[in-house]
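Read through the structure below, which is laid out as structure tokens, and then see the notes.
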Amino acid sequence: MTVDAVDYKALPKIELHAHLSGSISRQCLHEVWLKKKEDGETDLQDPLIEMPLGKHDYDLKTFFPLFSSYIYHLVNDTWALRYTTLSVLSDFAADGVVYLELRTTPRAMPSAGLTKSQYVQVILETIAEFEQSNTASLRTKLILSIDRRNTLREANEVLSLCRQFSGKGVVGIDLCGDPARGPIDILGPVFEEAKRTLPELGITLHFAEAEASGTEEELLTLLSWRPDRIGHVIHLNERVKEEVKRRGWMGLELCLSCNVHAGMICGGFESHHFGEWWKVEETVVVLSASPTSPFSTDDVGVFGSPLSNEYALVAKHFGLTRADICSLVRKGIDVIFGGDEEKERLRGLIWSA
Ligand code: IMP
Ligand code: ZN
């Protein structure tokens, strides 16, 4: 069978690196804006003008301010949080995703009287509501993110929320945020405590996303926190690569479209480091979507490439056969944070080579 015969949308897929706010489609942001405009609740510019459909050439400098100066001002109450979360879940389900680990940075919404804990609670309730009312096979878990800019107190707050919601839908903790911000050493004790006191919690870290966050010193520090998975994995020297392999069975969350569109790698898709890693026995490569908002793969809303397209891209640029694609997706089951029961469900659902 040729690679062209694969229906990538129908292929049951696993998405492990989706930022909630970056996965909201521009159309959905527009709908939120329309309602708020009608209710006299916003002076913001229409999202379709702020982030025109088809514009995906955001880079690391223009990308991060989009959240703090725009999206967070629009998604600023319980209604908008529920509405956008439901839309993100529907988009992933429609793209054939059967297991999703959505990550988000807990955010208080003072104008709506929402605490960080209530923010997490609303998202978990929305996930439960979606799963009860929808016939799709999609099951979703939550990862809570620490931002590189966080103080130790703020990072500890995220860990407390992980503790509070562990067993209730939160399955992991992440380090994200602008890679130009640092240093990250002060956050080490939080991840060490997570490992020590919440062994059931998975740890995933944004890793060598930019040159600034790709020094050997930073990367060895991040590895010393014993992550289960790492994201992006771009600027690694040989020593760090060997160290990653030596850890054994590390999940690599790779975001092709996001890296190419944002100019995070040199060259096009064929020079992406997916080519270097996907056959490495000691690691597990998992592809991630780039949303239709300004970001996509990593933030589909922004970069605009659904997960089905990421699989089509690797087949095209790296010559994966249908069997390769199926084995790649199946191997990803091993590095989910959602537990053994979920792994069993996925083994029954995901196509065998
Ligand atoms: P949220 O955590 O649901 O609000 O999603 C948006 C946040 O995710 C942003 O403020 C960033 O901190 C983080 N984020 C999104 N994409 C990236 C990325 O490519 N690298 C690091 N952090 C990111
Ligand atoms: Zn990310």
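Just follow the structure's listing: the first ligand is 1, and inside any ligand the first atom is 1.
- The shortest N or O to N or O distance between Tyr119 and ligand 1 is not below 3.5 Å.
- Ligand 1 has His232 within reach: a non-hydrogen atom of the residue lies less than 4.0 Å from it.
- On a distance-only criterion, Ser145 and ligand 1 share no N/O pair closer than 3.5 Å.
- Relative to the six-membered ring of Trp277, Lys245 meets both conditions, a distance below 6.0 Å and an angle of at most 45° to the axis.
- Coordination check, His232 versus the Zn ion (ligand 2): failed, since every N/O/S atom of the residue sits at 2.8 Å or beyond.
- Cation-pi geometry between Arg229 and Phe337 is met: the NZ or CZ atom falls under 6.0 Å from the ring centre, inside 45° of the normal.
- Atoms of ligand 1 lying under 4.0 Å from at least one heavy atom of Asp147, given by number and element, are 12 (O).
- Close approach of ligand 1 to Cys176 (heavy-atom distance below 4.0 Å) involves ligand atoms 12 (O), 13 (C), 22 (N).
- At a threshold of 2.8 Å, the Zn ion (ligand 2) has a backbone or side-chain N, O or S atom of His19 nearer than that distance.
- For the pair Lys35 (side chain) and Trp33 (backbone), a donor-acceptor distance under 3.5 Å is absent.
- For Lys36 and Trp79, the positive end is not near the middle of the six-membered ring at less than 6.0 Å and at most 45° from its axis.
- With atom 13 (C) of ligand 1 as the reference point, the heavy atom nearest to it among Glu209, His19, Arg103 is part of His19.
- The option with the heavy atom closest to atom 2 (O) of ligand 1, from among Val88, Thr105, Ile24, Ile123, is Thr105.
- Below 30°, between 30° and 60°, or above 60°: for His206 and His19 the angle between ring planes is between 30° and 60°, a tilted geometry.
- Residue contacts with ligand 1 for Arg107 are absent, since no atom lies close enough (heavy atoms, distance under 4.0 Å).
- Per-residue contacts place Thr104 under 4.0 angstrom from the following atoms of ligand 1 (heavy atoms of the residue considered): 1 (P), 2 (O), 3 (O).
- No close placement of the His235 and His273 rings is indicated, their centers lying 6.0 Å or farther apart.
- For His206, the N/O/S atom at the shortest distance from the Zn ion (ligand 2) is named NE2.
- In this structure, Arg107 satisfies the cation-pi test against Tyr72, with its NZ or CZ atom closer than 6.0 Å to the six-membered ring centre and inside 45 degrees of the ring normal.
- When each atom of ligand 1 is checked for a heavy atom of Leu20 under 4.0 Å away, the hits are 3 (O).
- No donor-acceptor pair under 3.5 Å is formed between the side chain of Ser87 and the backbone N or O of Tyr83.
- No cation-pi contact links Lys61 to Phe64, judged by a cut-off of 6.0 Å to the six-membered ring centre and 45° from its axis.
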